[in-house]
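Report on the structure given below.
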Amino acid sequence: MNLFETAKRHFASQLPFVLFCKPNSHKIVGVFQQNDQLFELKDATESGFAFVSFDGKQRFYLPVSESNVVVDKNNQTDFHLSKEVTASFDENTKNSFENLVANGIQAIQNHQFQKVVLSRKELISVPNFDIVSVFKQLVFNYKTAFNYCFYHPKIGLWIGATPEQFIKIEATTLKTVALAGTQLFDNHLIWENKERVEQQLVTDFITQNLQLFSNEVAVWEPKTVQAGNLAHLKTDISAVIDKENLGQIIDKLHPTPAVCGMPKEPAKQFIVKNEGYDREFYTGFLGELNIDFTSYKTENSDLFVNLRCMKVEEEQASVFVGCGITKDSIPEKEFFETVNKSVTIKKSIV
């Protein structure tokens, strides 16, 4: 029985599993837990596939010790181009989100915080949803993203294609990125001051917190990266760490200003009070913790921020999208940024 048949069988039997394909990888990995127990992460010393919520209160994983692992080739001949999706929205949704952004800008002007990341969820109908077909579409469309399909009967079905690394660890070297600013991709795009300020806030937050645990922190110059139809500003950051501090480092960095705001706590409080819905695992993090599932190296971790994702329940999907707000934000422009981001997921399920 191959990888995808095993995933369908596990899903039908209501057993936990994850399918994932790393950025630019030629391998697809399946981790199939052999019981339906919900395992909780305690201190980041565990080994398995982590799945953690935005607020950090739900911290779960599929333990490698309780799972069968299947690795298969990323066979592009099995995939096909998806249809083009026309960005659509209704005026009530637009007005509601623009009011939320305006309130965020007012809070910044009142010196409550410097930046806040605000989001919304969009409900779409997904009759006859096929987890394998959608996952294959994501892998085909977004080769530079971390593509995944995660299911646990006590959590739900989540699927996505995220462009953002949270942290990657090889032995004592930690690598991460500051990712902020979004535009539709164009070979001649220009980054405005608003986006550069947003990017610098994220970079400063990460480096300052890593310096609490390392005397060797390196920061590279920002560069433009493409993620599907979008472009982002990205800064690479690395540090030499003691792995015993991994749990503390995760707690300091998550959620980053790229998905929450800065300072973190007042921005987080504003989000919880004003967004009007529970993000759950959107803008949380996920991935390999203290294990490389293809080599079984236990000194490696590869974690990603859970962006460009959706939660599927019966024949309805919640698509999550958000954007970073600073004092220079324009509410209508921010709304259309979320519309553009929603296309990432939608084009893989039509």
- Message: Any carboxylate oxygen within less than 4.0 angstrom of a Lys/Arg side-chain nitrogen, looking at Glu122 and Lys346?
- Response: yes
- Query: Applying salt bridge (Lys or Arg N to Asp or Glu O under 4.0 Å), which residue pairs with at least one partner in residues 43-59 are found, sequence neighbours left out?
  - Reply: Arg59-Asp251
- Item | Distance-only side-chain donor-acceptor flag, Glu195 / Asn193, under 3.5 Å | no
- Would you check, one step at a time, whether the test ring pair (Phe, Tyr, Trp, His ring centres under 6.0 Å) holds for Tyr61 with Phe49? CA-CA 5 Å; Tyr61 75 116; Phe49 190 94; over 10 Å; no
- So, Asn35 versus Glu66: side-chain donor-acceptor pair below 3.5 Å or not? yes
- Item | Residues Lys311 and Glu280 bridged, charged N to O under 4.0 Å | yes
- Applying side chain to side chain contact (heavy atoms under 4.5 Å, CB included) between Phe166 and each of Val52, Val177, Leu303, report the one that passes. Leu303
- Axial cation check for Phe140 ring with Lys143, 6.0 Å and 45° limits: yes
- Between Ser119 and Glu275: side-chain donor-acceptor atoms closer than 3.5 Å: yes
- Query: Side-chain donor-acceptor pair under 3.5 Å between Ser96 and Asn99, yes or no?
  - Reply: no
- Query: CD of Glu314 to CG of Leu157: how many Å apart, nearest 0.5 Å?
  - Reply: 12.0 Å
- Looking at the rings of Tyr151 and Phe11, which for Trp means the six-membered one, are their centres under 6.0 Å apart? yes
- Quick one: do the Ser348 and Asn141 side chains pair a donor with an acceptor below 3.5 Å? yes
- Any side-chain donor paired with an acceptor under 3.5 Å for Thr224 and Trp191? yes
Show every donor-acceptor pair shorter than 3.5 Å between a side-chain atom in residues 252-263 and any protein atom, with sequence neighbours excluded, or say none if there are none.
{"residue": "His254", "atom": "NE2", "partner": "Ser53", "partner atom": "O", "Å": "3.0"}
{"residue": "His254", "atom": "NE2", "partner": "Phe54", "partner atom": "O", "Å": "3.2"}
{"residue": "Thr256", "atom": "OG1", "partner": "Ala258", "partner atom": "N", "Å": "3.2"}

- What do the steps show when you test Tyr148 against Phe20 for ring pair (Phe, Tyr, Trp, His ring centres under 6.0 Å), and what is the final call? CA-CA 4 Å; Tyr148 79 91; Phe20 67 88; 9.4 Å; no
- Task: Any pair with a residue in residues 22-35 that passes salt bridge (Lys or Arg N to Asp or Glu O under 4.0 Å), sequence neighbours left out, goes on the list, sorted by first then second residue, please.
- Result: Lys22-Glu288, Lys22-Asp302
- Salt bridge check: are Lys234 and Glu164 linked by an N-O gap of less than 4.0 Å? no
- Query: Side-chain donor-acceptor pair under 3.5 Å between Thr326 and Glu198, yes or no?
  - Reply: no
- To the nearest 0.5 Å, tell me how far Gln58 CD sits from Leu38 CG. 9.0 Å
- Item | Phe185 CZ to Asn340 CG distance, which is reported to the nearest 0.5 Å | 14.5 Å
- Under-4.0 Å salt bridge between Lys333 and Glu192: yes
- With no hydrogens and no angle check, is any side-chain donor or acceptor of Asp242 less than 3.5 Å from a backbone partner on Asn245? no
